[in-house]
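Basis for what follows: all heavy atoms, side chains included, without hydrogens, waters or symmetry-related copies. Residue numbers run from 1 in the order of the sequence given.
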Amino acid sequence: MTPPPVPPRTTETPAFTAELRRLKAWSGLSYRELERAAATAGEVLPYSTAATMLRRDRLPRETVLVAFVVACGLDAEDTRRWVAARRELAMGARPPVTIPAPVTPPAPVTPPAPAAEPLVRRHRPRLRLTLLGAATAVAVLVGAGAAAIGATNVQEEQTEVSTHQP
C-alpha cells in the first residue's frame, strides 16, 4: 500500500485543502464511510461537513481536521503532523528573520532655548458662558422679584386709598 499524503509545507490554504482531497482519495472511503469511521474512532464528522471542507479552499477547524484525518486511517503521529501544519498555516507565513545592522545614534541635538514669552491667559469659553448664564438668571430672578414686590405695593396703596375715601 502507498504511504498516505503528508501535510504540505505551504503558506497557501488551497494547497493544504488539495492535500486533504488527496488524503481522502488515498483512504478510498466515501463521505458516509468517513462519517462511520470517525464515529468508530470516537470522533464526530458528519459526511456533509467533510464534503463541504474538501469543496472549499478554506482552512478547516482543527477539530474537523482531526476527525477527518483519523477517519482516513492515519495514526496519532500523522494526525499530529497534520494539526501542526494547519496551525502553522493559520498563523500565517512568517517573514524571514533579518538582523538589522547596528545603528550609531546621532549626536544629541540641544534645542535652542525658548524665547521668553509673555504670560498669556487662556480664555475659558465654557466657564465664561456658565458665569454669564448664571448672572443672567440672577438678574431675571431679581427683576421678577422686584416687579412682584412693586405690584404688591401698588395694590396695597390702591387698597388704602379706596378704604380711606369718604
- [ ] Under the side-chain hydrogen bond (donor to acceptor under 3.5 Å, both in side chains) rule, collect the residues that match up with E62, sequence neighbours excluded.
- [x] R87
Task: R81: partners by side-chain hydrogen bond (donor to acceptor under 3.5 Å, both in side chains), with sequence neighbours left out - done: D78
Task: Neighbour count above 12 (heavy atom, 6.0 Å) for R21 CZ - done: yes
- [ ] With sequence neighbours excluded, tell me which residues meet side chain to side chain contact (heavy atoms under 4.5 Å, CB included) with A51.
- [x] Y31, R55
Task: Within-4.5 Å side-chain heavy-atom neighbours: V70 and L45 - done: no
Open item on the list: If you define the side chain from C-beta out and look only at heavy atoms, does anything of P60 sit under 4.5 Å from F16?
Closed with: yes
Task: Chi angles and distances behind the side-chain contact (heavy atoms from CB on, under 4.5 Å) call for F68, L23 - done: CA-CA 9 Å; F68 178 78; L23 181 59; 4.0 Å; yes
Atom of [X], atom of [Y] and distance for their closest heavy-atom approach:
{"X": "W82", "Y": "P5", "value": "CZ2-O, 3.5 Å"}
{"X": "A38", "Y": "A67", "value": "CB-O, 4.1 Å"}
{"X": "A15", "Y": "P8", "value": "O-CG, 4.1 Å"}
{"X": "A37", "Y": "A71", "value": "CB-O, 3.6 Å"}

[atom1] of [X] to [atom2] of [Y]: how many Å apart, nearest 0.5 Å?
{"X": "T11", "Y": "M91", "atom1": "OG1", "atom2": "CE", "answer": "12.5 Å"}
{"X": "L89", "Y": "T13", "atom1": "CG", "atom2": "OG1", "answer": "4.0 Å"}
{"X": "T17", "Y": "E12", "atom1": "OG1", "atom2": "CD", "answer": "11.0 Å"}
{"X": "L29", "Y": "L34", "atom1": "CG", "atom2": "CG", "answer": "5.0 Å"}
{"X": "E33", "Y": "K24", "atom1": "CD", "atom2": "NZ", "answer": "8.5 Å"}

TODO: Indicate yes or no for a side-chain donor-acceptor contact from W26 to the backbone of C72 under 3.5 Å, with no hydrogens or angles considered.
DONE: no
TODO: Show your reasoning for whether side-chain contact (heavy atoms from CB on, under 4.5 Å) applies to T49 and V44.
DONE: CA-CA 10 Å; T49 302; V44 177; over 6 Å; no
- [ ] Output, in order, the C-alpha distance, side-chain angles, deciding distance and verdict of side-chain contact (heavy atoms from CB on, under 4.5 Å) for R86 and L59.
- [x] CA-CA 8 Å; R86 185 217 171 270; L59 200 57; 3.9 Å; yes
